[in-house]
S.K.: 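There's a structure below that I have some questions on.
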Amino acid sequence: MGRIIIIIPLVLWLNSMSWPAFGQNGSRNPDNVRDSSEIVRIDKIFIIGNKKTREHIIRRELSLNDKAEISRNSLALTIESDKRKLFNTGLFLSVDVNVVDLSKGSVDIIIRVEERWYFFPIPIFNLADRNFTEWWVNQGADLSRVDWGIRLRHFNFRGRREILNLTAQFGYTKLFRLSYQIPYIDKSQKIGLNFYSDYSTNKNVAFATMGHRQQFMDAETVLRERWRAGFNITYRPNFYAQHSVGLQASSVHIADTIRDENPNYFLNGDNEQRYFALTYMFTWDFRDYVAYPLSGAYFRLIANKIGLGIYDDVNMFTVNARYSRYFDLGKKFYFGTNFTGNASTPSVQSFYNYQSVGSITDFVRGYERYLIEGQHYLVNRNTLKRQLFSFEADLRNFISMKQFNKVPLAAYLSLNFDQGYIVNYPEYQQNQLFTDKYIYGGGLGLDIVTFYDFVMRWEYSVNIEGENALFFNLFAAF
């Protein structure tokens, strides 16, 4: 009954929504219908400030082009759309667009960008647990459960928006990773390619879950060893949509002590799980600001086939769909809602492959302490927020580097309400407290948003059991 309560309003709500209209090139195309205002001709588009970023990478994001004709009213709307798209590439601190009238019916457009700092040698000091609350409360702020090391990341390699990542991590999880993302490999800039490979070992492993809380085993020797490698081919037919097809190879080995404590860790008392996986992902992104959206919409669908018949260690199919909608209500009030659904088959799965609510992306506020595993689930998150302030601090007297001497800072007070339904795995008795029932939670929050997409969230939340606590998280809730 709980699932029906959630699903019926979702269907009615989606059916009532108005969807953005798109032109043939996929862009928001306000000039499809000519109005009575003056038609202008764009003589030339000038791009300045891009010292590292190639010009064709910037032009790929523009609906406008040289020699195009457009109504003057529609030109203003298209410029705002193009500014948003350029900013959401993550390449620029600021984007300004000016229109220069040359003569009657002819204009030039000047696009001025201020580039970010693209190469970061980032020190790693991360919590190994799912979130800060899990580490602070359930694990007693154990400093041995911290990852440390260094990550070398270039967000605009060769000026082509390529992302090169090298990671050397130690501590709780020893991890070495290499990844290389190429957004475009063809002249039309629609097809991209990503490669990745990593190797990791753990001396502390979650071998079971009891009452929605992970049970860990420590050892002086390696308890789990994992190797993964894969690639993705992406296809971006327009500004807002992207398809991705990926192939991954994975091999995971566990120690006998893990297998003995939980024979279902890999099913049938196995020590090793090997598989090839085929993944398809579709995203449609119309958010105003990707890192912390206040208006627009986002949709993502992931279908994953784990096990392609080469090995018989695992044979699973999962599908995950996510839809978010954001509304600017005016007078600095904003509302956002998100629906996430997940389904998997077969019903008998290994513990290592269990799906769950309680991760960084799929969670219900008030339940951050718990990992709620389930074969299927549907979660709805809602936030009403009010902007407290928004300004840019000028630090040029203290910091000479222009990529860091202007610091934007904004704060939002939020009222949150989340709900969900998680279907338990068959005969999984230790996972029954919050499964097969309607759950909800929420409370008050404070979000701090600053430059380089950095978001901090403090949320005081209460769940269905009356448990309440102050939770801290990084990144936007959805």
Side-chain angles (χ1 to χ4, degrees), residues 27-28 42-66 75-100 107-122 151-165 181-184 189 236 239-240 285-296 387 389-412 448-456 475-476:
S27 64
R28 192 167 175 84
I42 300 172
D43 188 62
K44 189 171 180 59
I45 297 177
F46 296 92
I47 301 174
I48 57 178
N50 54 317
K51 296 180 180 180
K52 296 182 180 179
T53 307
R54 303 294 180 93
E55 185 169 311
H56 68 85
I57 295 296
I58 297 175
R59 287 185 177 270
R60 171 64 175 86
E61 305 302 314
L62 301 178
S63 303
L64 302 170
N65 53 69
D66 297 341
L75 178 61
L77 297 176
T78 306
I79 285 175
E80 287 303 312
S81 175
D82 284 353
K83 285 176 62 177
R84 182 180 67 243
K85 288 183 290 185
L86 286 175
F87 193 76
N88 278 334
T89 62
L91 298 177
F92 309 113
L93 289 173
S94 64
V95 178
D96 293 314
V97 182
N98 295 306
V99 178
V100 179
V107 300
D108 277 348
I109 294 180
I110 300 175
I111 299 176
R112 183 186 300 273
V113 297
E114 185 176 353
E115 294 182 315
R116 290 188 176 195
W117 187 264
Y118 297 126
F119 179 70
F120 287 90
I122 306 171
R151 180 184 298 114
L152 302 177
R153 180 174 293 177
H154 201 304
F155 291 93
N156 194 15
F157 190 61
R158 301 194 303 161
R160 301 172 185 265
R161 204 184 170 188
E162 299 169 355
I163 300 177
L164 176 64
N165 181 54
Q181 178 178 327
I182 310 171
Y184 311 116
Q189 297 188 86
R236 189 184 177 207
F239 296 122
Y240 304 105
D285 195 342
F286 201 74
R287 294 172 291 182
D288 60 340
Y289 178 34
V290 171
Y292 194 81
L294 296 173
S295 65
Q387 185 185 88
F389 59 80
S390 178
F391 64 89
E392 185 177 75
D394 190 342
L395 304 180
R396 284 177 292 183
N397 293 333
F398 307 96
I399 302 175
S400 60
M401 295 180 65
K402 64 179 183 180
Q403 292 90 349
F404 299 97
N405 59 23
K406 294 181 180 179
V407 181
L409 189 65
Y412 299 84
I448 301 294
V449 185
T450 185
F451 72 160
Y452 286 90
D453 306 332
F454 189 66
V455 179
M456 295 178 289
F475 309 106

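Sequence positions, counted from 1, serve as the residue numbers for this chain. Heavy atoms only: backbone and side chains are in, while hydrogens, waters and symmetry mates are out. Everything quoted here is computed from the prediction, not taken from an experiment.
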S.K.: Quick one: does I110's side chain get under 4.5 Å of I48's, heavy atoms only?
M.R.: yes
S.K.: Please round to the nearest 0.5 Å and tell me the distance separating atom CZ of R84 and atom OG of S295.
M.R.: 7.0 Å
S.K.: Return the minimal non-hydrogen interatomic distance between D288 and P293, and the atom names on each side.
M.R.: OD1-CA, 3.3 Å
S.K.: Decide yes or no for I79 and L64: does some side-chain heavy atom of the first lie under 4.5 Å from some side-chain heavy atom of the second?
M.R.: yes
S.K.: How about I58 and L86: do any of their side-chain heavy atoms sit closer than 4.5 Å?
M.R.: yes
S.K.: Looking only at heavy atoms, what is the nearest atom pair of Y118 and L91, with distance?
M.R.: OH-O, 2.6 Å
S.K.: Show the nearest heavy-atom pair for residues A411 and I448, with the distance to one decimal.
M.R.: CB-CD1, 3.7 Å
S.K.: For the side chain of R153 and the backbone of F119, is there at least one donor-acceptor N/O pair under 3.5 Å apart?
M.R.: no
S.K.: Kindly give the heavy-atom pair with the smallest separation between I163 and F155, and that separation in Å.
M.R.: CG1-O, 3.9 Å
S.K.: Can we say E114 and K51 salt-bridge, meaning some charged N sits less than 4.0 Å from an Asp/Glu carboxylate O?
M.R.: no
S.K.: Counting C-beta onward and ignoring hydrogens, is there a side-chain heavy-atom pair between Y184 and I57 closer than 4.5 Å?
M.R.: yes
S.K.: Once rounded to the nearest 0.5 Å, what's the spacing between atom CG of L77 and atom CG of D82?
M.R.: 11.0 Å
S.K.: What I'd like to find out is whether the side chain of P183 reaches to under 4.5 Å of the side chain of R160, using heavy atoms alone.
M.R.: no
S.K.: Can you find a pair of side-chain heavy atoms, one from N156 and one from T53, that are under 4.5 Å apart?
M.R.: yes
S.K.: Within 45° of the axis and under 6.0 Å from the centre of the six-membered ring of Y292, does NZ or CZ of R287 qualify?
M.R.: no
S.K.: Ring of F46, cation from K44 - is the NZ or CZ under 6.0 Å from the centre and inside 45° of the axis?
M.R.: yes
S.K.: Please assess D96 against I111 for the test side chain to side chain contact (heavy atoms under 4.5 Å, CB included), listing each intermediate value before the final yes or no.
M.R.: CA-CA 6 Å; D96 293 314; I111 299 176; over 6 Å; no
S.K.: Decide, yes or no, whether a salt bridge links R59 with E55 under the criterion of side-chain N to carboxylate O below 4.0 Å.
M.R.: yes
S.K.: Using the side chain to side chain contact (heavy atoms under 4.5 Å, CB included) definition, which of the options N88, L62, V95 pairs with K83?
M.R.: V95
S.K.: Which heavy-atom pair separates V113 from N50 by the least distance, and what is that distance?
M.R.: CG2-N, 3.8 Å
S.K.: If you take all heavy atoms of T450 and P408, which pair is closest and at what distance?
M.R.: OG1-O, 2.8 Å
S.K.: Tell me, with the steps shown, if D453 and Y289 meet side-chain hydrogen bond (donor to acceptor under 3.5 Å, both in side chains).
M.R.: CA-CA 9 Å; D453 306 332; Y289 178 34; 3.1 Å; yes
S.K.: Please evaluate residues Y412 and L294 with respect to the criterion side chain to side chain contact (heavy atoms under 4.5 Å, CB included), reporting the C-alpha separation (whole Å), side-chain torsions for both, the decisive distance (0.1 Å), and the verdict.
M.R.: CA-CA 11 Å; Y412 299 84; L294 296 173; 3.4 Å; yes
S.K.: Is any side-chain heavy atom of L409 closer than 4.5 Å to a side-chain heavy atom of F391?
M.R.: yes
S.K.: Do the charged groups of E115 and R54 touch, with an N to O distance under 4.0 Å?
M.R.: no
S.K.: I would like to know whether K406 and S94 meet side-chain hydrogen bond (donor to acceptor under 3.5 Å, both in side chains); could you show each step before the answer?
M.R.: CA-CA 11 Å; K406 294 181 180 179; S94 64; over 6 Å; no
S.K.: So, do N98 and I109 sit near enough that their side-chain heavy atoms are less than 4.5 Å apart?
M.R.: no
S.K.: Quick one: are the ring centres of F286 and Y240 less than 6.0 Å apart?
M.R.: yes
S.K.: Please report the interatomic distance CZ(R60) to NZ(K85), rounded to the nearest 0.5 Å.
M.R.: 9.0 Å
S.K.: Quick one: does any side-chain atom of Q189 pair with a main-chain N or O of H56 as donor and acceptor, under 3.5 Å?
M.R.: yes
